[in-house]
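Scroll down for the structure; my scribbles are underneath it.
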Amino acid sequence: MQAIVITGSTRGIGKGLAREFLKLGHRVVITGRTQAAVDHATAELSSLGEVLGCVCDVRDMASLEAVWAAAVVRFSRVDIWISNAAVATDRAMLAELPAEQIVATVETNLLGTIYGTKVALAGMLRQGGGKIYNFEGFGSNGMMSPGLTTYGSSKYALRYFTRSLAKEYKDSPVLIGALSPGMVPTDLLIYSSKSNDPEEWRKAKRVMNILGDTVETVTPWLAAQALANQKQGACIEWLTPGKAALRFATAAFRKRDIISPLEARADLKVR
């Protein structure tokens, strides 16, 4: 039985991962920015196993340190730390973006993950080992799209950070890697992808319906792989280039619509 911290886990893929780890018999710490969100998710998940809910803003080092401390008090140690918390800007050209959205996206996605990794790394070195996983996303592989430059830049930087840190600590007892869920239609994905241009949004939905998978499909696999991994610097990737190519090749024969049910909720940006 392992103790697992997942930031940004009161909904979306973070909550899905928490659910899967609990179903496998592990103990989970979930975090979110508001007490209401944390209380709601904790109440929902508690029937599956032992859950600790913590309010946390990953942009604040002290907030992350408090999560680590609470987890150790409750579970004695942290075996896996997953940095999942992320936000997105409006889908707009850079010159049109409010400065506060740029700051929030870079601070949450990049600086928040660096802070969380630092806290987890220090704690795991003290306890003699553990695993740290950072979440990849759109832009991690260099893919570009108008209106997603700031978000994509934060994820591209995170891939460098994770790979570099894995080399930096290659001889340590802490494994550092990445989780790459592919295209999962969470509130964040819908919000960051939706365009004011109906034709652009139609094209984006077509791609998401071809490549996308639900939280319920992806998270059991990610959870199992994260637990089993023993390789330093591993990138646990659901949607591989080969799988993506096959889906495009067979799209005419596989009609799917996983996006429409979430469209009405696309105003929700934080996960």
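Here the shortest heavy-atom pairing between Val174 and Met124 reads CG2-CB, 3.6 Å. In plain terms, the two heavy atoms of Ile82 and Leu17 that are nearest each other are CD1-CD1, 4.3 Å. Considering all non-hydrogen atoms of both residues, Val55 and Ser63 come closest at O-OG, 4.0 Å. The two residues Gln127 and Val78 make their nearest non-hydrogen contact at NE2-O, 2.5 Å. Looking at every heavy atom in both residues, Pro181 comes nearest to Leu222 through CB-CD1, 3.9 Å. Across all non-hydrogen atoms, the minimal contact from Gly137 to Tyr151 is CA-OH, 4.5 Å.
Between the side chains of Arg91 and Ser145, at least one donor N or O lies within less than 3.5 Å of an accepting N or O. In the model, Ser153 has no side-chain atom that pairs as donor or acceptor with a side-chain atom of Thr150 under 3.5 Å. Between Trp81 and Ser83, the side chains place a donor N or O and an acceptor N or O closer than 3.5 Å (distance only, hydrogens not considered). Inspection of the Asn229 and Tyr133 side chains reveals an N or O donor paired with an N or O acceptor under 3.5 Å.
For the pair Ile176 and Thr162, the minimum side-chain heavy-atom distance is below 4.5 Å. Counting only heavy atoms from C-beta outward, the side chains of Asn141 and Arg159 approach each other to under 4.5 Å. Using a 4.5 Å heavy-atom cutoff, the side chains of Leu52 and Ile30 are not in contact. Counting heavy atoms from C-beta on, the side chains of Thr108 and Val58 come closer than 4.5 Å. Contact of the Gln232 side chain with the Lys131 side chain is not registered, since no non-hydrogen atoms from C-beta on lie closer than 4.5 Å. Residues Cys56 and Arg33 are not in side-chain contact: their nearest non-hydrogen atoms beyond the backbone lie 4.5 Å or more apart. Between Leu175 and Ile132, every side-chain heavy-atom pair lies at or beyond the 4.5 Å cut-off.
Here the SG-CG distance, from Cys235 to Leu179, works out to 8.0 Å after rounding to the nearest 0.5 Å. In this structure, Leu121 CG and Ile114 CD1 are separated by 12.5 Å, a value rounded to the nearest 0.5 Å. Leu22 contributes atom CG, which lies 5.5 Å from atom CG of Leu48 (distance to the nearest 0.5 angstrom).
Residue pairs satisfying the salt bridge (Lys or Arg N to Asp or Glu O under 4.0 Å) criterion with at least one member in residues 41-69, sequence neighbours excluded, are listed as follows: Lys15-Glu44, Arg19-Glu44, Glu50-Arg74, Asp57-Arg59.
Leu94 and Met144 fall into different hydrophobic clusters, where Ile, Leu, Val, Met, Phe, Trp and Tyr residues are linked whenever their side-chain heavy atoms come under 4.5 Å apart, directly or through other members.
Phe138 CZ: more than 12 foreign heavy atoms inside a 6.0 Å radius. Atom NZ of Lys243 has more than 12 neighbouring heavy atoms from other residues, nucleotides or ligands inside a 6.0 Å radius.
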Review point. Given Arg27 and Met1, is the side-chain contact (heavy atoms from CB on, under 4.5 Å) satisfied, shown in steps?
Key: CA-CA 7 Å; Arg27 302 171 295 182; Met1 182 185 296; 3.4 Å; yes
Point to revise | Trace of the salt bridge (Lys or Arg N to Asp or Glu O under 4.0 Å) decision for Lys155 with Glu136 | key: CA-CA 6 Å; Lys155 290 297 184 178; Glu136 295 200 340; over 6 Å; no
Practice item. Let me see the working for Val67 and Leu64 under side-chain contact (heavy atoms from CB on, under 4.5 Å), right down to the final yes or no. Key: CA-CA 5 Å; Val67 171; Leu64 289 158; 5.5 Å; no
Practice item. Determine, step by step, whether Leu227 and His26 satisfy the side-chain contact (heavy atoms from CB on, under 4.5 Å) criterion, reporting the C-alpha distance in whole Å, the side-chain angles of both residues, the deciding distance to 0.1 Å, and the verdict. Key: CA-CA 10 Å; Leu227 290 165; His26 301 287; 3.6 Å; yes
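For the side chain to side chain donor-acceptor pair (under 3.5 Å) with Ser154, the qualifying choice from Thr149, Thr89, Asn109, Thr105 is Asn109, the only one to do so.
With Asp79 contributing its side chain and Ala3 its backbone, the two residues share a donor-acceptor pair below 3.5 Å.
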